[in-house]
Amino acid sequence: MKITGLDHITINAKDLAQSEKFYTDVLLLEKTGFIDMGDHTLTYFPLPQGVRLELIDYTDKAAAEDIRETDTGIYRHFCLVTDSLSELYDSCKEKSVFVRKTPSYVEKLKAHTMLITDPNGVEIEIIQK
């Protein structure tokens, strides 16, 4: 047995409309699917290599707990690759996206990175190699 790939990344949406706007307007992803599961909906955006971003919108939402980036035993972030970190950074500033870490070169990674936060409070690392 072996793991052969990654199928999807799921985010529980606080506000589905705001989340869709962020992923289409800021990260320029295309909404390609929507499934009504009864007590929640699934909205899909394709990512490279056959991976999908899945936004879940529950009918009954629970308040999120405050999680800090240094907390242990939690999921931290996912990372997307871009061909132009500076263009994406300018777009984030223009669209008032919260930038946790401005673009900078990380010598040990041999890449430029930045950290942004989506409308749900999910941290996303963007990297340009």
Begin with the C-alpha distance, continue with both residues' side-chain angles, and end with the deciding distance and a verdict on side chain to side chain contact (heavy atoms under 4.5 Å, CB included) for Y105 and K110. CA-CA 7 Å; Y105 185 73; K110 304 283 189 236; 3.6 Å; yes

Over 12 non-hydrogen atoms of neighbours within 6.0 angstrom of NZ in K95: yes

Please lay out, stage by stage, how I126 and Y89 fare under the test side chain to side chain contact (heavy atoms under 4.5 Å, CB included). CA-CA 10 Å; I126 311 291; Y89 176 65; over 6 Å; no

Could you grab the distance from atom [atom1] of [X] to atom [atom2] of [Y], nearest 0.5 Å is fine?
{"X": "S84", "Y": "H112", "atom1": "OG", "atom2": "NE2", "result": "11.5 Å"}
{"X": "L88", "Y": "I124", "atom1": "CG", "atom2": "CD1", "result": "9.5 Å"}
{"X": "R52", "Y": "L6", "atom1": "CZ", "atom2": "CG", "result": "10.0 Å"}
{"X": "T10", "Y": "F78", "atom1": "OG1", "atom2": "CZ", "result": "10.5 Å"}
{"X": "S104", "Y": "M114", "atom1": "OG", "atom2": "CE", "result": "10.0 Å"}
{"X": "T113", "Y": "I127", "atom1": "OG1", "atom2": "CD1", "result": "6.5 Å"}

Treating Ile, Leu, Val, Met, Phe, Trp and Tyr as nodes and any side-chain heavy-atom pair under 4.5 angstrom as an edge, say whether [X] and [Y] lie in one connected cluster.
{"X": "L42", "Y": "Y58", "result": "yes"}
{"X": "L47", "Y": "F45", "result": "yes"}
{"X": "L29", "Y": "Y44", "result": "no"}

Closest non-hydrogen atom pair between P119 and K14, with its separation: O-CD, 4.0 Å

Criterion side chain to side chain contact (heavy atoms under 4.5 Å, CB included) on F22 and I116, from CA distance to verdict: CA-CA 11 Å; F22 174 83; I116 61 176; 3.8 Å; yes

Do you see a donor-acceptor pair shorter than 3.5 Å between the side chains of Y23 and D118? yes

Do side-chain atoms of [X] reach the backbone of [Y] as a donor and acceptor pair under 3.5 angstrom?
{"X": "N12", "Y": "I56", "answer": "no"}
{"X": "E54", "Y": "H8", "answer": "no"}
{"X": "S91", "Y": "E87", "answer": "no"}

Residue that, paired with T43, satisfies side-chain contact (heavy atoms from CB on, under 4.5 Å) out of I11, D57, L53, L16: L16

Listing, residues 30-41 side-chain donor-acceptor contacts under 3.5 Å, not counting sequence neighbours, or none:
unit_1	atom_1	unit_2	atom_2	d
K31	NZ	E20	OE2	3.4
D36	OD1	G38	N	2.8

